[in-house]
Protein chains: 2
Amino acid sequence: MLHGDAFDPDCPTRLILDRIGDKWSVLVVLSLREGPRRFTRLRDTIGGVTPKVLTQTLRAMEHDGLLTRRVFPEVPPRVEYELTPLGLSLQRPIQAIADWAEENVHEVMAARSTHEQS
Amino acid sequence: MLHGDAFDPDCPTRLILDRIGDKWSVLVVLSLREGPRRFTRLRDTIGGVTPKVLTQTLRAMEHDGLLTRRVFPEVPPRVEYELTPLGLSLQRPIQAIADWAEENVHEVMAARSTHEQS
DNA sequence: CTGTATCCTCGCTGATACTG
DNA sequence: CAGTATCAGCGAGGATACAG
């Protein structure tokens, strides 16, 4: 069954959806679209994220095999994050969501205004 | 700029992503793929959701114009939820995410096991 | 059947400061 | 530069019971 899984609370598919649903993971994937990025670069690109939360997100994604963390033995230290093939494959569906959001944001905001009357 | 928006914390696009990122909204969209459904039917389809949270989710999605809520003046009461055209358009990207999750769940789980050594 | 009301907890988040 | 440490707070989410 192709879709039955997602509705089972104990199915791992739920865990994936939770991870993808994470606010920051989506933005990290989008930020790494065009190649490896360093920590501070990511932090600056993604507005409003604190270092702690960004680290948590990156560690979780590394743990799931979505990206790699490469440390360069330099002074000052340099760390680069890069999507794995698995992470790259996730890029397409996430981009689809992002595109939808940007295309339909006005319609959603309009709907919100309409229902504001009640 | 096509993607700059999503990285701005104050941009409405963020709000959309938050809504889509919501664990239950995604499952509701999937549940309504094949037409209108009643409250209890949704609750049974989506495992592990409490009535309160399901109501909250449905109200929020209605508020955003993603679905309609139709009350039939009957006894016992009957309420049907159905995706609007806007909600239907969201179906495709969400399905893409769900498909990705099901296709790659094993690879992610494998990656998690690997990193468990550390 | 379709919710609402109430209470509670727990975990994420943010702020801030500090380290290798 | 790239994080870690620590703490506080709040609010989403869950359990349970009840109502129209």
Side-chain angles (χ1 to χ4, degrees), chain A residues 6-11 14-28 31-32 35-64 67-82 115 118, chain B residues 7-10 14-28 31-32 35-64 67-82 115 118:
Chain A
F7 299 121
D8 178 2
D10 298 328
C11 177
R14 273 285 182 88
L15 301 176
I16 310 295
L17 288 180
D18 287 351
R19 181 59 45 82
I20 293 174
D22 178 49
K23 176 167 54 173
W24 304 117
S25 298
V26 172
L27 296 175
V28 166
S31 301
L32 293 177
R37 291 286 182 270
R38 301 177 64 177
F39 187 86
T40 304
R41 179 79 178 278
L42 284 174
R43 193 218 302 216
D44 293 342
T45 302
I46 304 171
V49 66
T50 61
K52 190 187 73 172
V53 173
L54 181 56
T55 299
Q56 284 176 354
T57 303
L58 291 169
R59 291 283 197 276
M61 293 176 70
E62 184 190 13
H63 186 252
D64 283 356
L67 55 78
T68 58
R69 179 176 179 270
R70 262 199 311 172
V71 182
F72 295 83
E74 301 173 356
V75 177
R78 182 158 62 108
V79 179
E80 281 189 353
Y81 296 91
E82 185 172 16
H115 289 284
S118 62
Chain B
F7 298 121
D8 178 0
D10 298 327
R14 273 285 181 88
L15 300 176
I16 311 294
L17 288 180
D18 287 351
R19 182 57 47 80
I20 292 174
D22 178 48
K23 177 165 54 172
W24 304 116
S25 298
V26 172
L27 295 176
V28 167
S31 302
L32 291 178
R37 291 286 182 269
R38 302 177 63 178
F39 186 87
T40 305
R41 178 81 177 277
L42 285 174
R43 192 219 301 217
D44 293 343
T45 304
I46 304 171
V49 67
T50 61
K52 189 188 75 171
V53 173
L54 181 57
T55 299
Q56 283 176 355
T57 304
L58 291 170
R59 292 283 197 275
M61 293 177 69
E62 184 190 13
H63 186 252
D64 283 355
L67 55 78
T68 57
R69 178 175 179 270
R70 263 201 308 173
V71 182
F72 295 82
E74 301 174 358
V75 176
R78 181 159 62 108
V79 179
E80 282 190 352
Y81 295 91
E82 185 172 16
H115 290 283
S118 62

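Throughout, a chain's letter reflects where its sequence line sits, starting with A, and its residues are numbered from 1.
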Taking the minimum atom-to-atom distance to the side chain of B/Thr50, which one of D/dA2, C/dT4, D/dG14 wins?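 Selected nucleotide: D/dG14.
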Please tell me which of the listed nucleotides, C/dG3, D/dC1, D/dG13, lies nearest to the side chain of B/Val53?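 Output: D/dG13.
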Would you say [X] reaches [N]'s phosphate, i.e. side-chain N/O to OP1/OP2 under 4.0 Å?
{"X": "A/Arg38", "N": "D/dC1", "result": "no"}
{"X": "A/Thr55", "N": "D/dT4", "result": "yes"}
{"X": "B/Arg70", "N": "C/dT2", "result": "no"}
{"X": "A/Arg37", "N": "D/dA2", "result": "no"}

Is there side-chain contact between [X] and [Y], with heavy atoms separated by less than 4.5 Å?
{"X": "B/Val49", "Y": "B/Thr57", "answer": "no"}
{"X": "A/Phe7", "Y": "B/Ser31", "answer": "yes"}
{"X": "A/Leu54", "Y": "A/Trp24", "answer": "no"}
{"X": "A/Asp44", "Y": "A/Thr40", "answer": "yes"}

Have a look at A/Arg59 and say if it touches a base, only the backbone sugar-phosphate, or nothing, with a 4.0 Å heavy-atom cut-off.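 The answer is sugar-phosphate, as A/Arg59 gets under 4.0 Å only of primed atoms, P, OP1 or OP2.
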So B/Tyr81, base contact, sugar-phosphate only, or nothing? Heavy-atom distance under 4.0 Å.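 If one applies the 4.0 Å heavy-atom cut-off, B/Tyr81 turns out to touch the sugar-phosphate alone, with no base involved.
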Check whether the side chain of B/Lys52 and the base of C/dG3 form a donor-acceptor pair under 3.5 Å.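 Answer no: no donor N or O sits under 3.5 Å from an acceptor.
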Rounding to a whole Å, what distance do you find between [X]:[atom1] and [N]:[atom2]?
{"X": "A/Leu54", "N": "C/dC12", "atom1": "CG", "atom2": "P", "answer": "16 Å"}
{"X": "A/Gln56", "N": "C/dA15", "atom1": "CD", "atom2": "P", "answer": "14 Å"}
{"X": "A/Leu58", "N": "D/dA2", "atom1": "CG", "atom2": "P", "answer": "11 Å"}
{"X": "B/Glu74", "N": "D/dG20", "atom1": "CD", "atom2": "C1'", "answer": "16 Å"}
{"X": "B/Phe72", "N": "C/dT2", "atom1": "CZ", "atom2": "C1'", "answer": "14 Å"}
{"X": "B/Arg78", "N": "C/dG3", "atom1": "CZ", "atom2": "C1'", "answer": "16 Å"}

For A/Arg41, I'd like to know if atom CZ has over 12 heavy atoms of other residues, nucleotides or ligands within 6.0 Å.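 Counting neighbours around CZ of A/Arg41, 12 or fewer heavy atoms of other residues, nucleotides or ligands fall under 6.0 Å, so no.
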5' priority, DNA chain C, between A/Asp22 and A/Pro77 [closest heavy atom]: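 So the residue in question is A/Asp22.
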Taking for each residue the nucleotide of DNA chain D bearing the nearest heavy atom, is the 5' side occupied by A/Pro51 or by A/Pro76?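 Result of the comparison: A/Pro76.
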